[in-house]
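Below you'll find the structure, written out as structure tokens, and then a few comments.
Computation of the quantities below employed the complete heavy-atom set of this structure, encompassing side-chain atoms and omitting hydrogens, waters and symmetry-equivalent molecules. Below, read A as the first sequence line, B as the second, and so on, with proteins coming before strands; counting in each chain starts at 1. From a predicted model like this one, the values you see are computed outputs, not experimental measurements.
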Amino acid sequence: MLTNAAWQKSVNSLPFRKIPQTFYQQAVLNVELKLLGKFLVKREEETCLVGKIVEVEAYDARFDEASHSFKGKTARNKVMFQEGGYLYVYFIYGNHFCCNVVCDKKEVGAAVLIRGIEPVSGIDVMSKRRFGKKEISAKELVNLTNGPGKICKAFGIRREENGTPLFGDTLFLAEGEKIKTTSIGITSRIGIKKAKELPWRFFIKENTFVSAL
DNA sequence: ATCAAGATTACCT
DNA sequence: GGTAATCTTGATA
């Protein structure tokens with residue numbers, strides 16, 4: 001186990017520029033658009049897991065019946081009502097965790113679901129968690145993090161990570177690739193029954209780690 | 001106390 | 001393309 005000072009030093013020496021909390025405190029659709037191409041970074045004891053965000057969906061308490069926050073604050077969704085910059089993690093279908101980036105001001109109740117990630121570093125750790133082995137086939141690789149539940153499994157994001165500040169040192173977002181407007185696809189969101197008409201799913205076109213067309 | 005729904009995934013034909 | 005698995009949550013009584 002690293003000492004606190006050594007930990008701090010190793011975090012600061014990473015080749016990633018951490019996104020400040022103020023970034024998250026703007027309108028959810030603005031944040032959502034800029035999330036594409038950024039890196040999700042998770043520091044663990046032995047490794048550093050990194051992945052590029054390639055698919056996202058916005059949810060908003062104010063005009064969006066599909067959002068967990070639509071009917072107001074509850075024990076489950078209260079993190080969504082904090083000011084932007086925290087991770088909202090929920091458990092679904094008795095099996096899976098999904099993670100969201102909380103946006104906008106306090107009490108707004110808006111967040112962006114991370115649906116697709118292109119693995120960059122720590123792939124053997126992700127593989128072990130998803131498939132129980134470090135070596136995986138090409139077919140397994142494309143299935144590693146191309147869905148919200150798969151991402152949380154691979155990155156080890158569970159109940160304990162709910163409410164984690166994204167401006168801390170263990171789990172954060174970092175500057176990534178600039179994505180051209182022309183290579184961004186926009187559709188309605190996946191897997192919901194209400195508010196299907198809202199075109200709030202953004203993804204990087206042609207990227208293999210997008211969960212669906 | 002009971003119950004139905006759910007921001008998914010894996011596996012089947 | 002279809003569906004079973006699995007259990008937490010929030011609503012209702």
Determine whether a donor-acceptor pair (N or O, by modelled atom type, separation under 3.5 Å) exists between the side chain of E57(A) and the backbone of I190(A).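 At least one qualifying donor-acceptor pair exists.
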Please check: side-chain N/O of T164(A) versus main-chain N/O of E161(A), any donor-acceptor pairing under 3.5 Å? yes
First-last contacting nucleotides on DNA chain B - partner chain A, under 4.0 angstrom, heavy atom: dG6(B) to dA10(B)
Indicate the atoms forming the closest heavy-atom contact of P148(A) with C98(A), along with that distance. CB-SG, 3.8 Å
Heavy-atom count check: over 12 atoms from other residues, nucleotides or ligands less than 6.0 Å from [X] [atom1]?
X       : atom1 : result
E197(A) : CD    : yes
K71(A)  : NZ    : no
K178(A) : NZ    : no
L213(A) : CG    : no
E160(A) : CD    : yes

Contact between [X] and [Y] at the side-chain level, heavy atoms closer than 4.5 Å - yes or no?
X       : Y       : result
L171(A) : F155(A) : no
S69(A)  : Y59(A)  : no
K38(A)  : V56(A)  : no

Rounded to whole Å, how long is the line connecting atom [atom1] of [X] with atom [atom2] of [N]?
X      : N      : atom1 : atom2 : result
I92(A) : dT6(C) : CD1   : C1'   : 11 Å
F91(A) : dA5(C) : CZ    : C1'   : 11 Å
H68(A) : dT8(C) : NE2   : P     : 16 Å

Would you sketch DNA chain C in dot-bracket for me? Only Watson-Crick or G-U wobble pairs with both distances under 3.5 Å count, crossing pairs as [ ], other-strand pairs as |, the rest as dots. |||||.||||||.
For DNA chain B, determine which residues of residues 191-201 of chain A have any heavy atom closer than 4.0 angstrom to one of its atoms, and list them numerically. G191(A), I192(A), K193(A)
For DNA chain B, find the residues of residues 142-157 of chain A with a heavy-atom distance under 4.0 Å and give them by number; none if there aren't any. G147(A), P148(A), G149(A), K150(A)
Any ring pair (Phe, Tyr, Trp, His ring centres under 6.0 Å) pairs touching residues 31-53 of chain A, not counting sequence neighbours? F16(A)-F39(A)
More 5' along DNA chain C: R159(A) or H96(A), using each one's nearest nucleotide? H96(A)
May I have all residue pairs that pass side-chain hydrogen bond (donor to acceptor under 3.5 Å, both in side chains) and include part of residues 79-94 of chain A, sequence neighbours excluded? H68(A)-Y88(A)
Describe the nucleic acid contact of R76(A) in one word from base, sugar-phosphate, nothing, applying a heavy-atom distance below 4.0 Å. sugar-phosphate
